[in-house]
Amino acid sequence: MALKVFNSLTKRKEEFRPRDPEQVKMYVCGVTPYNHPHIGNARPFVTWDVIRRYLEHRGYTVFHVQNFTDVDDKIINAAKTEGVSWDVIVSRYIESYFEVMDKLNIRRAHLYPRVSDHMAEIVEMVETLVRKGFAYEVGGDVYYSVEKFDDYGKLSGRSLEDMKAGARVDVDERKTHPMDFALWKSAKPGEPAWDSPWGKGRPGWHIECSAMSLKYLGMEFDFHGGGSDLIFPHHENEIAQSEAYAGDSPFVRYWLHNGFITVNEEKMSKSLGNFFLVRDILEHFPPEVLRFFILSTHYRSPLDFSDERLSESARGLERLKTAVLNMKYLANSTVARGASEESQVLANAANQAKTEFYGAMDDDFNTALAISVMHGLAKEINIYYSAIMAGKIPHDAETLATVQAVYYELADILGLLVAERTGTLDVCGGAAGTDDQTIAGLLDLILAIRQDARKKKDWATADQIRDRLAEIGYVIEDSPQGARWKKR
RNA sequence: GGCGGCAUAGCCAAGAGGUAAGGCAGAGGUCUGCAAAACCUUUACUCCCCAGUUCGAAUCUGGGUGCCGCCUCCA
């Protein structure tokens with residue numbers, strides 16, 4: 001089956017064909033490091049992380065570049081406010097970015113180019129645009145002349161006429177056309193500045209992404225993405241600059257844009273001040289819950305954020321975890337082995353789930369559907385588990401191993417259930433490390449003592465053990481096959 | 001004002017011509033000493049409204065209504 005992606009440029013789903021079958025090249029618009037990441041930042045990076053994981057599972061080699069816009073008004077302002085140098089702000093928030101994204105299990109890009117390291121490339125690009133007649137200098141500033149680029153507006157679907165009519169911006173009289181945008185800005189006193197043919201200054205917004213993506217990926221790279229607010233003007237301008245510069249088209253093969261996170265149905269934005277920092281959310285919820293929450297809606301749809309929704313996500317994720325723990329418990333249990341009709345049913349369900357999961361992901365990365373497929377498989381696993389625990393059927397270890405491999409593969413594509421898949425101390429029988437084995441041994445001992453109490457119908461003791469263990473994070477579950485403990 | 005998107009159960013959310021997935025919450029049940037977890041049953045004669053196309057529409061077309069986003073820094 002073919003992978004289809006929704007291309008913002010054509011506004012339709014297209015079959016994905018990488019330019020180079022050997023390597024998929026993607027450029028994701030990164031952050032401007034002037035504050036800690038908020039949950040709106042988390043969405044595109046979780047989304048692109050899954051896109052990349054899926055492409056890799058499909059057999060592609062992916063080259064992933066994501067920039068840091070480290071030269072920017074907001075950074076300069078933050079530096080002024082705090083009375084520190086701009087690069088202090090930058091390094092602090094880049095560090096924070098990685099800290100948060102690592103917690104969300106977002107794999108690192110192969111390259112994180114920064115604007116401040118690419119002044120030569122940027123200046124060269126601006127010079128070329130001036131030389132080619134696409135840009136002009138006015139008193140140390142350089143502007144891109146949108147009228148010179150015939151295709152201007154092709155990504156955002158607007159014409160220069162439309163924009164003139166609806167202009168809400170104060171027009172700079174020095175510009176030839178109101179929509180002309182700065183490629184280079186002359187330095188103001190006290191601001192970071194770099195040398196250029198037009199005097200000291202710094203790049204305008206937009207040009208850095210063109211310069212850096214072209215440097216590392218070349219023209220016509222496969223994916224370029226970010227939040228849908230970047231479509232205009234940022235990405236529109238990138239196209240104008242890059243295609244004019246290269247004298248070639250297209251700049252990018254597939255443009256993908258994620259929808260926004262809203263709060264109370266309203267866009268979360270810096271100007272509204274209604275945004276939540278990821279680090280604050282993570283005080284109340286595990287990072288994986290936030291990740292699951294983001295993935296439970298298709299990436300292009302808006303996503304409304306609230307504590308209630310996050311709590312719901314936590315319970316939905318719990319169900320997925322339980323299936324893993326059930327499999328791990330069975331794998332280490334001593335119940336009778338043997339194939340059964342039920343194990344065949346499970347094996348078929350796993351095969352089908354895998355097909356459906358890939359089908360969902362092939363359809364423009366439909367993670368919401370993919371998750372529901374996992375829920376379906378989890379249910380089959382639990383049914384199988386229950387039948388064994390009830391002593392109705394033997395345990396087919398070989399089949400279970402296959403099913404587990406499928407389940408783990410799907411979870412890995414979504415970047416979920418990491419602790420459950422790799423942990424050794426989350427359900428009895430599974431401990432591997434020395435310390436874990438000791439703890440597991442102690443837990444088994446406590447459980448044995450509780451079983452004795454239960455035999456004597458000493459419910460007070462039995463319940464006390466159960467309650468106290470729950471307090472330190474271990475849940476006890478009884479079954480006809482005996483009791484088991486599991487983490488959390 | 002210009003451009004674009006969305007409206008599916010109590011909540012969240014897939015589905016995009018063939019007769020409504022999944023999750024959460026609720027109700028009942030199985031299991032249990034009681035629980036927990038799991039499982040079973042149950043919750044949209046119907047997909048914002050009105051027309052139209054079609055043998056057939058939540059899905060396509062036209063017209064309404066409501067909400068949201070972009071056009072200004074923003075993921």
Side-chain angles (χ1 to χ4, degrees), chain A residues 8 11 13 28-32 34-35 37-48 72-74 77 153 156-159 161-170 179 205 225-234 236 257-262 265-272 275 292-293 296-298 300-304 306 308-309 311-320 322-323 325-326 356 360 363 366-376 378-387 389-390 454 457-459 462-463 466-467 470 475-480 483-484 486:
Chain A
S8 306
K11 294 181 177 51
K13 281 183 198 167
V28 180
C29 272
V31 295
T32 300
Y34 72 103
N35 195 180
H38 55 74
I39 52 172
N41 292 124
R43 168 117 98 148
F45 303 122
V46 168
T47 300
W48 282 96
D72 181 273
D73 287 342
K74 298 184 288 294
N77 290 338
S156 56
R158 23 187 122 205
S159 67
E161 282 311 303
D162 291 343
M163 288 185 278
K164 223 179 224 170
R168 276 166 34 188
V169 215
D170 290 334
M179 297 312 292
W205 187 37
S228 53
D229 59 333
L230 295 179
I231 293 174
F232 191 88
H234 188 53
E236 190 69 64
H257 292 97
N258 60 276
F260 268 71
I261 287 191
T262 57
E265 312 277 306
E266 231 182 4
K267 179 182 169 180
M268 197 181 78
S269 75
K270 281 153 205 175
S271 48
L272 288 173
F275 64 95
F292 180 83
F293 165 72
S296 55
T297 298
H298 185 90
R300 281 191 284 117
S301 302
L303 176 56
D304 199 50
S306 70
E308 292 69 36
R309 293 296 323 285
S311 300
E312 277 184 19
S313 291
R315 288 188 290 270
L317 181 60
E318 199 60 41
R319 180 173 276 282
L320 257 27
T322 301
L325 298 186
N326 285 347
E356 287 176 1
D363 186 12
N366 193 338
T367 53
L369 226 203
I371 286 173
S372 80
V373 171
M374 285 202 74
H375 273 121
K379 181 178 244 180
E380 293 299 329
I381 290 165
N382 293 337
I383 289 172
Y384 182 69
Y385 168 83
S386 300
M389 295 310 282
R454 293 183 71 215
K457 296 196 192 295
D458 179 3
W459 307 128
D463 290 350
R466 188 169 63 195
D467 294 346
V475 179
I476 294 191
E477 296 173 354
D478 295 315
S479 85
R484 77 169 190 184
K486 71 174 185 183

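For the numbers below, each heavy atom of this structure counts, side chains included, while hydrogens, waters and symmetry mates do not. Just so we're on the same page: letters track the sequence lines, and every chain starts at 1.
- Contact annotation: the side chain of A:Thr32 never approaches that of A:Trp205 to less than 4.5 Å [non-hydrogen atoms, C-beta and beyond].
- Nucleotide B:A38 forms a pair with B:U30, judged by Watson-Crick or G-U wobble geometry with both contacts under 3.5 Å.
- At least one donor-acceptor pair under 3.5 Å links the side chain of A:Glu236 to the backbone N or O of A:Ser156.
- B:G18 and B:A13 are spaced 23 Å apart, taking the C1' atom of each and rounding to whole Å.
- When both pairing distances are held under 3.5 Å, B:G1 makes a Watson-Crick or G-U pair with B:C71.
- When rounded to the nearest whole Å, the span between CG of A:Asp363 and P of B:G15 equals 6 Å.
- The pairing partner recorded for B:A44 is none, the criterion being a Watson-Crick or G-U wobble arrangement whose two distances lie under 3.5 angstrom.
- As rounded to the nearest Å, B:A20 and B:U59 have P atoms that lie 14 Å from one another.
- Summarising the geometry, the separation between CZ on A:Phe260 and C1' on B:C67 is reported as 17 Å, rounded to the nearest angstrom.
- Dashed line: the shortest gap from a side-chain N or O of A:Lys379 to OP1 or OP2 of B:C40 is under 4.0 Å.
- Contact annotation: side chain of A:Asn41 to base of B:C74, donor-acceptor pair absent below 3.5 Å.
- Looking at which nucleotide of RNA chain B each of A:Met268 and A:Ser479 is closest to, the 5′-most match is held by A:Ser479.
- Looking at heavy-atom distances under 4.0 Å, A:Met374 makes no contact with the nucleic acid at all.
- Phosphate contact (OP1/OP2 of B:C74, side-chain N/O of A:Lys74, threshold under 4.0 Å): present.
- Where A:His298 and A:Thr32 each meet RNA chain B at their nearest nucleotide, the meeting point lying more 5' is that of A:His298.
- Not one N or O on the side chain of A:Glu477 forms a donor-acceptor pair closer than 3.5 Å with the backbone of A:Arg484.
- Computed from coordinates, the A:Ile383 CD1 to B:U30 P distance equals 19 Å when rounded to whole Å.
- As a whole-Å value, the separation of A:Ile381 CD1 from B:A38 P is 13 Å.
- For A:Arg315, taking side-chain heavy atoms from C-beta onward, the closest of the listed nucleotides B:G33, B:G2, B:A25 is B:A25.
- Distance OG/A:Ser296 to CZ/A:Arg309: 6.0 Å, rounded to 0.5 Å.
- The listed nucleotides are B:G2, B:A13, B:A75; the one nearest the side chain of A:Thr297 is B:A13.
- The aromatic ring of A:Trp459 is stacked on the base of B:G33, with the two ring centres less than 5.5 Å apart and the planes inclined by under 30°.
- Pair assignment for B:A16: none, as no Watson-Crick or G-U wobble contacts are both less than 3.5 Å.
- Nearest nucleotide to the A:Arg309 side chain, out of B:A35, B:C12, B:A13: B:C12.
- Minimum atom distance to the side chain of A:Leu230 is reached by B:A75, of the listed B:C71, B:A75, B:A36.
- No donor-acceptor pair under 3.5 Å is formed between the side chain of A:Asn258 and the backbone N or O of A:Arg300.
- Across B:G66 and B:U19, the matching C1' atoms stand 28 Å from one another, rounded to whole Å.
- Candidate nucleotides B:C40, B:U32, B:C70 were compared by shortest atom distance to the side chain of A:Arg454, and B:U32 ranks first.
- Side chain of A:Asn41 to main chain of A:His38: a donor-acceptor pair is present (N/O by atom type, distance under 3.5 Å, no hydrogens or angles).
- Nucleotides B:A16 and B:U53, compared at atom P, are 25 Å apart to the nearest Å.
- Here B:C60 sits opposite B:G52 as a Watson-Crick or G-U wobble pair (both hydrogen-bonding atom distances under 3.5 Å).
- Evaluation of atom-type donor-acceptor distances gives no pair under 3.5 Å for the side chain of A:Arg319 against the base of B:A38.
- For the C1' atom pair drawn from B:C50 and B:A58, the interatomic distance equals 16 Å after rounding to whole Å.
- For A:His375 (side chain) and A:Gly316 (main-chain N/O), a donor-acceptor pair under 3.5 Å exists by modelled atom type.
- If you take atom P in B:U46 and the same atom in B:U54, they sit 25 Å apart, rounded to whole Å.
- Judged by Watson-Crick or G-U wobble contacts below 3.5 Å, the nucleotide B:G10 has B:C24 as its partner.
- At B:A14, none of the side-chain N or O atoms of A:Asn366 fall inside 4.0 Å of OP1 or OP2 (strictly under the cut-off).
- At the phosphate of B:C74, OP1 or OP2 sits under 4.0 Å from a side-chain N or O atom of A:Trp205.
- Rounded to whole Å, atom C1' of B:A38 lies 13 Å from atom CD of A:Glu318.
- For A:Ser301, taking side-chain heavy atoms from C-beta onward, the closest of the listed nucleotides B:A75, B:A14, B:U32 is B:A14.
- Here the closest non-hydrogen pair linking A:Leu230 and A:Cys29 is CD1-CB, 3.7 Å.
- Taking the C1' atom of each, B:A57 and B:G15 are spaced 13 Å apart, rounded to whole Å.
- Residue A:Asp478 places its side chain closer to B:C34 than to any other of B:G22, B:A75, B:C34.
- Regarding A:Phe275, its CZ atom lies at a distance of 12 Å from the C1' atom of B:C73, rounded to whole Å.
- With A:Asn366 contributing its side chain and A:Leu369 its backbone, the two residues share a donor-acceptor pair below 3.5 Å.
- Among the nucleotides B:C12, B:C34, B:A75, the one closest to any side-chain atom of A:Arg466 is B:C34.
- Atom CG of A:Leu369 and atom P of B:A21 are 13 Å apart (whole Å).
- Looking at heavy-atom distances under 4.0 Å, A:Ile371 makes no contact with the nucleic acid at all.
- Separating the CG atom of A:Leu320 from the P atom of B:A38 is a distance of 11 Å, rounded to the nearest angstrom.
- When the nucleotides B:C12, B:A36, B:C39 are ranked by their closest atom to the side chain of A:Val475, B:A36 comes out on top.
- Across all strands shown, A:Ile476 has heavy atoms under 4.0 Å from base atoms, whether or not it also approaches the sugar-phosphate.
- As rounded to the nearest Å, B:A35 and B:C6 have P atoms that lie 48 Å from one another.
- Of the candidates B:C39, B:A14, B:C11, the closest approach to any side-chain atom of A:Asn382 belongs to B:C39.
- Residue contacts shown for A:Gly40 include a base, since a base heavy atom lies under 4.0 Å away.
- Residue side chain A:Asp463 reaches the base of B:G33 through a donor-acceptor N/O pair under 3.5 Å, judged by distance alone.
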